[in-house]
Amino acid sequence: MMGAVEKIRRHGVLGSMRKAVLLLKRKVCYIKWRFFRHAPGYHNPTLVELETIERDLAALGVAVESYSPNPELFKAFQAES
């Protein structure tokens with residue numbers, strides 16, 4: 001097995017760095033694939049799911065209201081930033 005110094009001599013500093021980056025990238029991709037391939041992803045709720053959520057919240061006593069901000073106040077807020 002070749003030592004680190006001999007590898008750098010053989011491939012050069014940039015070549016050795018390129019190989020190290022590719023190796024690291026491969027390992028990171030494998031880890032992501034191995035441990036996160038079956039992880040559930042987020043998706044926005046459908047209208048049916050939203051209705052169910054609102055109904056469940058209302059059953060728990062949480063007041064569910066539609067909220068739409070005042071456009072003039074929002075524009076004034078944007079102008080401040």
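All residue numbers refer to positions in the sequence shown, counting from 1.
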Exercise. Just wondering, more than 12 heavy atoms not from L47 lying within 6.0 Å of its CG?
Worked result: no
Enumerate, atom names and distances included, each donor-acceptor pair closer than 3.5 Å involving a side-chain atom of residues 48-59, sequence neighbours excluded.
{"from": "E49", "atom 1": "OE1", "to": "T46", "atom 2": "N", "distance (Å)": "2.9"}
{"from": "T52", "atom 1": "OG1", "to": "V48", "atom 2": "O", "distance (Å)": "2.9"}

Please tabulate, for side-chain N and O atoms in residues 32-39, each donor-acceptor pair with protein atoms closer than 3.5 Å (sequence neighbours left out).
none

Problem set entry | ILVMFWY cluster membership beyond I8 - transitive side-chain contacts under 4.5 angstrom | V13, M17
Problem set entry | Nearest non-hydrogen partners of K7 and S16, listed with the distance | O-OG, 3.5 Å
